[in-house]
Enquirer: 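Next up is a structure, given as structure tokens.
Counting starts at 1 for both ligands and their atoms, in listed order.
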Amino acid sequence: MKVVFVSYEVFPFAKVGGLADVAGTLPKYLKKHGVDVTIVMPKHRIVEKNAEKFGYEIKKVAEGLSVSHVKTDQKFDIYESVLPGSDVKTYFVANDYYFSAEDVYAGPDLGEQAIFFCAATLDLVKHLDLKPDIVHVNDWQTALIPVYLKTVYRDDPYFSRTATVLTIHNLGYQGVFDPKYLSFAGLPDYVFTIDGLEFYRQLNFLKGGIVFSDVINTVSPTYAEEIQTEEYGEKLEGVLRMRSKDLYGILNGIDYELYNPATDRYIYVNYDVNRLELKWENKVKLQEELGLPVNKETAVAGLISRLVPQKGLDLLVDVMDYLMLFDLQIVVLGTGDEQYENAFRKFQERYPDKVSANIKFDVELAQKIYAGADIFLMPSRYEPCGLGQMFSMRYGTIPVVRYTGGLADTVKEYDPQSMEGTGFGFKKYDSAHLLKAVSKALHFYYREKDHWRRIMTNAMNTDLSWDRSAKEYVDLYKKALAKVGR
Ligand SMILES: Nc1ncnc2c1ncn2[C@@H]1O[C@H](COP(=O)(O)OP(=O)(O)O[C@H]2O[C@H](CO)[C@@H](O)[C@H](O)[C@H]2O)[C@@H](O)[C@H]1O
């Protein structure tokens with residue numbers, strides 16, 4: 001089975017959030033399950049900058065290609081590389097006007113960029129003669145591809161046997177633009193209806209993907225259910241309910257080779273489930289590096305996140321002063337909305353011995369926190385899957401989460417009777433409940449050390465690898481093929 005996997009972010013070429021992790025890992029595991037997969041992504045400026053750091057080469061394989069259907073004179077080149085740690089070919093759509101901003105989501109015009117990328121991807125597929133059985137697109141930036149295929153390419157024999165799969169990593173980002181982009185895209189007017197891409201008189205790219213893809217999935221079973229409700233549906237619950245027969249939930253995994261405390265080259269000291277004492281050496285080194293008082297006994301809670309409303313940070317901000325009454329250090333790593341960046345900076349000023357606010361994007365420091373912290377905070381308002389809690393469990397760092405979406409599917413409340421469970425959490429979106437969950441975790445950390453060890457062991461022994469989920473994607477591809485009569 002031939003799959004073209006399309007994503008706006010792919011780690012390590014360019015990463016902003018969890019989408020990049022998935023796009024940089026799932027294809028490797030699909031390959032292990034016999035799928036012939038090729039990745040396509042934009043050649044963002046950062047891609048070349050990351051080459052040396054992450055040890056890959058990138059070379060031009062075609063140039064000056066026109067983009068079909070789009071009303072533009074801009075041409076594109078194709079570059080090629082191989083996903084590090086695998087033999088998965090990766091192709092890049094290169095255009096200096098659209099993809100040369102410092103930041104992946106800056107650039108001249110996100111709407112035009114996405115349109116250009118989607119249309120160019122289909123030209124790239126033909127130019128390289130990739131003959132895909134499946135085009136697998138991810139999130140709104142790539143969601144127009146199924147729209148193109150089911151409209152202007154409808155009668156093109158090259159794609160007549162190609163099925164489409166849309167994975168929704170985050171319904172909170174839909175790509176909503178002025179209707180005038182439709183003519184720029186060269187898409188027919190008839191798609192601009194309530195059953196198509198129209199969304200409150202605007203154009204909604206993700207909605208296009210939901211309507212036109214053969215099958216759709218989200219990144220956890222719980223989130224697949226939640227998004228069909230008003231509370232989590234982000235105004236798309238109606239169309240998602242209409243497609244519910246074709247809507248699935250497949251839990252993400254994490255890269256077990258890259259994220260392994262026994263071999264991770266970014267962390268201070270390697271360890272595993274049988275050498276947990278070494279984990280605390282990571283804590284001490286982390287405290288030193290961040291200028292916090294060094295004390296192996298003190299509980300350290302980490303938070304690594306895009307600093308946006310989705311992540312439930314208002315709950316944390318709300319209870320920070322109370323949390324500071326505990327013997328607890330809090331290490332934050334993130335960038336995002338100014339209000340949260342400033343809030344955490346202020347807490348660091350107010351509690352310099354207890355709070356370390358690292359307002360930056362730093363993959364190495366992230367690993368050091370996953371390894372060095374005792375507790376990982378993830379009180380999300382909603383969470384399609386969440387990778388942070390999985391990385392932290394793999395490193396024996398106990399998650400404290402709000403049980404929503406993928407957090408509910410991956411973290412199990414610890415039960416001291418059965419000694420089963422991998423973390424602590426709460427359901428109601430309320431800061432008092434977060435406070436209670438953190439104090440429960442601290443109770444076990446300080447007073448029930450045997451139990452704490454057991455929770456760490458349970459967390460580290462949980463299977464969060466991609467193996468299981470990659471197989472589910474293969475089944476999903478088969479369902480998509482059945483939809484096009486194959
Ligand atoms: N400042 C920083 N420095 C270094 N690393 C940082 C960082 N800020 C965040 N990260 C990293 O970015 C990733 C975040 O992934 P998540 O899945 O937890 O959330 P995100 O909302 O981005 O992803 C969306 O897509 C994924 C993939 O499907 C879903 O799991 C998730 O629920 C959905 O919201 C992690 O690898 C984390 O370590």
Enquirer: List for me each residue that meets side chain to side chain contact (heavy atoms under 4.5 Å, CB included) alongside Lys15, sequence neighbours excluded, and say none if there are none.
Expert: Phe11, Ala20, Asp21, Phe361
Enquirer: May I ask you to list the atoms of ligand 1 that are less than 4.0 angstrom from any heavy atom of Gly388?
Expert: 18 (O)
Enquirer: Starting from atom 32 (O) of ligand 1, what is the nearest protein heavy atom, named by residue and atom, and what distance separates them?
Expert: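 Protein heavy atom at minimum distance: Glu383 OE2, 2.5 Å.
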Enquirer: Using 4.0 Å as the upper bound for N to carboxylate O, is an ion pair formed by Lys412 and Glu420?
Expert: no
Enquirer: Provide, to 0.1 Å, the distance between atom 3 (N) of ligand 1 and the closest protein heavy atom, together with that atom's residue and name.
Expert: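 Of the protein heavy atoms, Asp362 N, 3.0 Å lies nearest.
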Enquirer: Are the charged groups of Glu364 and Lys53 less than 4.0 angstrom apart, N to O?
Expert: no
Enquirer: Look at atom 30 (O) of ligand 1 and say which protein heavy atom is nearest, naming residue and atom and giving the distance to 0.1 Å.
Expert: Gly386 N, 2.8 Å
Enquirer: Does NZ in Lys2 sit with more than 12 non-hydrogen atoms of other residues, nucleotides or ligands closer than 6.0 Å?
Expert: yes
Enquirer: Heavy-atom contacts under 4.0 Å between Asn252 and ligand 1: side chain, backbone, both, or neither?
Expert: side chain
Enquirer: Run the contact test for Gly406 against ligand 1 with a 4.0 Å cut-off on heavy atoms, strictly below, and give the result.
Expert: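 Judged by the 4.0 Å heavy-atom criterion, Gly406 does not count as contacting ligand 1.
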Enquirer: Can you name the atoms of ligand 1, numbered from 1 with element, that are less than 4.0 Å from a heavy atom of Ile304?
Expert: 6 (C), 7 (C), 10 (N), 38 (O)
Enquirer: Who pairs with Thr218 by side chain to side chain contact (heavy atoms under 4.5 Å, CB included), at least two apart in sequence or on another chain?
Expert: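 Ile168, Tyr223, Ala224, Ile227, Leu247.
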Enquirer: Which protein non-hydrogen atom lies closest to atom 34 (O) of ligand 1, naming both residue and atom, and how far is it?
Expert: Gln310 NE2, 3.0 Å
Enquirer: Residue-level breakdown please: for Gln389 versus ligand 1, do any non-hydrogen atoms fall below 4.0 Å on the side chain, on the backbone, on both, or on neither?
Expert: neither
Enquirer: Does a side-chain heavy-atom distance below 4.5 Å link Asn461 with Val273?
Expert: yes
Enquirer: So, do Phe13 and Phe54 have ring centers that fall under 6.0 Å from each other?
Expert: no
Enquirer: With heavy atoms of Asn170 as the reference, note each atom of ligand 1 found under 4.0 Å away.
Expert: 34 (O)
Enquirer: Tell me which one of Arg306, Met378, Lys311, Lys360 gets a heavy atom nearest to atom 19 (O) of ligand 1.
Expert: Lys311
Enquirer: Do Arg241 and Glu230 sit within salt-bridge range, that is, some charged N less than 4.0 Å from a carboxylate O?
Expert: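 No, no charged N to carboxylate O under 4.0 Å.
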Enquirer: How far is atom 2 (C) of ligand 1 from its nearest protein heavy atom, and which residue and atom is that?
Expert: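 The closest one turns out to be Phe361 CD1, 3.4 Å.
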Enquirer: Looking only at protein heavy atoms, which one is nearest to atom 14 (C) of ligand 1, and how far off is it?
Expert: Gly18 N, 3.6 Å
Enquirer: Determine, using heavy atoms of Tyr370 and all atoms of ligand 1, whether some pair is separated by less than 4.0 Å.
Expert: yes
Enquirer: So which protein heavy atom does atom 36 (O) of ligand 1 come closest to, and at what separation?
Expert: Asp21 OD2, 2.7 Å
Enquirer: Checking a contact table here: which protein heavy atom is nearest atom 24 (C) of ligand 1, and how many Å away?
Expert: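 Of every protein heavy atom, His169 O, 3.8 Å lies nearest to atom 24 (C) of ligand 1.
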Enquirer: Going through the checks in order, is the salt bridge (charged side-chain N to carboxylate O under 4.0 Å, His left out) test met by Asp467 and Lys32?
Expert: CA-CA 9 Å; Asp467 267 326; Lys32 287 188 189 157; 5.7 Å; no
Enquirer: Tell me whether the count of non-hydrogen atoms from other residues, nucleotides or ligands lying under 6.0 Å of NZ in Lys89 goes above 12.
Expert: no
Enquirer: Between Leu387 and ligand 1, which residue portion shows a heavy-atom distance shorter than 4.0 Å: side chain, backbone, both, or neither?
Expert: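 Both of them.
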Enquirer: Taking distance alone, with N or O pairs closer than 3.5 Å, would you say Cys385 contacts ligand 1?
Expert: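 Yes, at least one N or O pair falls under 3.5 Å.
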Enquirer: Mind checking whether Phe444 and Tyr414 have ring centres under 6.0 Å apart?
Expert: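 Ring centroids of Phe444 and Tyr414 are less than 6.0 Å from each other.
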Enquirer: If the cut-off is 4.0 Å to any non-hydrogen atom of Val22, which atoms of ligand 1 fall inside it?
Expert: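 Going through ligand 1 atom by atom, the ones under 4.0 Å from Val22 are 27 (C), 28 (O).
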Enquirer: Assign the ring pair Tyr473 / Tyr477 to parallel, tilted or perpendicular, where the plane angle (0 to 90°) is split at 30° and 60°.
Expert: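 Ring orientation, 0 to 90° scale: tilted.
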